[in-house]
2 protein chains.
Amino acid sequence: MTPPRKAAATRKSRPPGQGRKPAISRQDVVDAALKLLGPHRSVATLSLREVARAANIAPNSFYRQFKSIDDLAVALIEQAGESLRDIIWKARSRITEGESVIRTSVETFLQQLQSDQHYLHLLLREGAVGSAAFKHAVERQLEFFEKELQIDLIRLASASKTPIHNADLVSRAITRLVFSMATSAVELPATLHPKLIDDTTEMINMIMVGTQTLAQSQK
Amino acid sequence: MTPPRKAAATRKSRPPGQGRKPAISRQDVVDAALKLLGPHRSVATLSLREVARAANIAPNSFYRQFKSIDDLAVALIEQAGESLRDIIWKARSRITEGESVIRTSVETFLQQLQSDQHYLHLLLREGAVGSAAFKHAVERQLEFFEKELQIDLIRLASASKTPIHNADLVSRAITRLVFSMATSAVELPATLHPKLIDDTTEMINMIMVGTQTLAQSQK
DNA sequence: GCTATTAATATACAACTGTATTTTATTTCG
DNA sequence: CGAAATAAAATACAGTTGTATATTAATAGC
């Protein structure tokens with residue numbers, strides 16, 4: 001379908017001198033890889049030739065876009081991160097009502113996971129396997145998530161006069177928890193998703209109550 | 001009356017009919033695979049031939065011990081689970097003092113991770129990639145961990161008169177958190193481990209305070 | 001000793017992998 | 001146009017993979 005957003009031009013567009021016009025773009029290769037992947041297929045199992053086949057290019061043409069499969073994987077992760085940031089944004093815009101911030105966010109997150117352009121799964125599962133560059137790329141995206149969450153938490157705290165203790169740890173813990181639970185969701189039948197949402201919400205709630213209690217007792 | 005019998009074989013003792021004596025055991029193959037693995041090598045990258053080579057057997061002899069590489073992987077996970085249970089036991093025996101239960105446990109966990117017989121890493125990282133059987137095996141070991149933790153939590157709660165709310169969710173959340181943080185530890189230089197222990201301890205502390213506060217407010 | 005039974009190896013094969021080298025196609029500029 | 005430059009494909013190669021089939025080795029019971 002439509003890739004969520006055009007990837008920021010990581011490569012500067014070369015000055016169009018003379019020569020043959022490129023027939024395929026980096027994004028074409030990424031899209032081909034994405035078609036191969038899915039909730040149950042790991043990026044580690046992709047071979048260069050297979051991706052090239054899916055993109056309808058000769059094996060060697062792959063090298064013109066990426067220097068290796070790992071390079072491709074990193075690009076995939078970065079796009080997944082963008083997709084994730086979209087989701088956060090969506091969740092935020094759905095709040096504002098009198099509803100529970102936590103629950104709404106968790107729901108949005110898991111809904112997006114189901115609708116699935118194969119993006120999120122990469123971030124969920126593959127942070128601990130693969131090349132160093134790959135792992136680092138995943139770590140970076142998670143940190144973005146944590147950062148944004150932390151800002152939200154602080155804003156929320158000052159708005160509702162409920163103090164917060166160690167906002168950085170809170171956001172980190174919540175991030176880890178949500179990602180871990182979401183990973184389980186992928187393997188679960190959809191009928192159990194509501195319970196998983198309940199559970200996750202409750203876990204986060206514990207952390208929030210905990211940090212608030214600690215903040216008050218230290219005042 | 002019972003005739004003296006030879007001690008039970010390691011795994012499946014096959015009825016000792018006639019025929020050639022086995023030269024290698026399942027465990028030999030597992031050990032060979034373990035030597036290949038390590039904190040930065042995923043089980044997904046093991047090939048049957050490579051394992052056979054490491055075990056000094058012909059590729060086809062592998063099939064006598066395991067029906068596939070996935071089968072081997074499941075066996076690895078189960079042994080990792082046993083190792084994990086040893087760690088828990090060790091952590092428990094180190095408590096009893098007046099020290100913090102949480103901190104001592106987290107410390108023991110991470111120390112074991114460093115000393116490393118390559119076992120734990122499997123459980124930490126690979127729960128979301130690989131075959132369905134493999135993922136299920138990992139999930140099962142994590143559930144063991146959760147179960148034991150839950151029992152501990154309940155015992156602790158009734159001993160210290162501090163009530164606990166949703167002990168199952170608490171143990172699940174803590175398990176996920178610890179595993180996630182431990183996964184990060186593997187990639188981190190050892191100098192940062194103390195901070196990571198501090199952080200993890202604090203996160204767990206938040207959850208504990210949260211559940212206790214909730215339990216009291218609901219009384 | 002002979003034979004049945006099992007264990008392990010040897011050989012073979014087709015498929016696939018990553019990449020080096022060569023060839024062809026297409027475009028732009030002088 | 002023709003030359004230069006670039007993109008893509010074609011060809012080739014050495015390596016690995018999983019497994020099917022056939023062969024050899026060793027043991028236990030008769």
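Below, chain A is the first sequence line, B the second, and so on; all start at residue 1.
Across D:dT27, D:dG18, C:dT19, the shortest atom-to-atom separation from the side chain of B:I69 is found for D:dG18. Distance from the side chain of B:I24 is smallest for C:dA8 among the nucleotides C:dG18, C:dA8, D:dA7. Side-chain proximity of A:N60 to the nucleotides C:dG18, C:dA8, D:dT11 is greatest for D:dT11. Listed nucleotides C:dA4, C:dG18, C:dT26 differ in distance to B:Q18; the shortest reach to its side chain belongs to C:dA4. Closest to the B:A23 side chain, of the nucleotides C:dT27, D:dA5, C:dA8, is C:dA8.
Summarising the geometry, the separation between OH on A:Y63 and P on C:dT17 is reported as 12 Å, rounded to the nearest angstrom. One atom, CZ of B:R64, and another, P of C:dT6, lie 10 Å apart when rounded to the nearest Å. The separation between A:L36 atom CG and C:dT17 atom P is 11 Å, rounded to whole Å. D:dG18 atom P lies 5 Å from atom CG of B:L48, rounded to whole Å. Between the CG atom of A:N56 and the C1' atom of D:dA7 there is a distance of 16 Å, rounded to whole Å. In this entry the distance linking CD of A:Q65 with P of D:dA9 reads 11 Å, nearest Å. Rounded to whole Å, the distance from CG on A:D70 to P on C:dT17 is 16 Å. Separating the CG atom of A:L46 from the C1' atom of C:dT17 is a distance of 14 Å, rounded to the nearest angstrom.
Looking at B:R49, its side chain comes within 3.5 Å of the base of D:dT19 through a donor and an acceptor atom.
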query = Run the side-chain hydrogen bond (donor to acceptor under 3.5 Å, both in side chains) check on B:S105 and B:R94 step by step: do they pass?
reply = CA-CA 8 Å; B:S105 302; B:R94 278 185 52 184; over 6 Å; no

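Residue A:R53 places no side-chain N or O under 4.0 Å from the OP1 or OP2 atom of D:dA9. Taking side-chain N and O atoms only, A:S61 has no distance below 4.0 Å to OP1 or OP2 of D:dA7. Regarding contacts with the backbone of D:dA25, every side-chain N or O of B:R20 stays at 4.0 angstrom or more from both OP1 and OP2.
A salt bridge does not link A:K195 to A:D198: none of the charged side-chain nitrogens sits closer than 4.0 Å to a carboxylate oxygen. Remark: B:E148 engages B:R92 in a salt bridge, criterion side-chain N to carboxylate O under 4.0 Å.
A donor-acceptor pair is defined here as one N or O able to donate and one able to accept, closer than 3.5 Å; such a pair exists between the side chain of B:T175 and the backbone of B:S171. Although no hydrogens or angles enter the test, the distance criterion places a donor-acceptor pair under 3.5 Å between the side chain of B:H193 and the main chain of B:A185.
The residue among B:K21 and B:S47 whose nearest nucleotide of DNA chain D lies closer to the 5′ end is B:S47.
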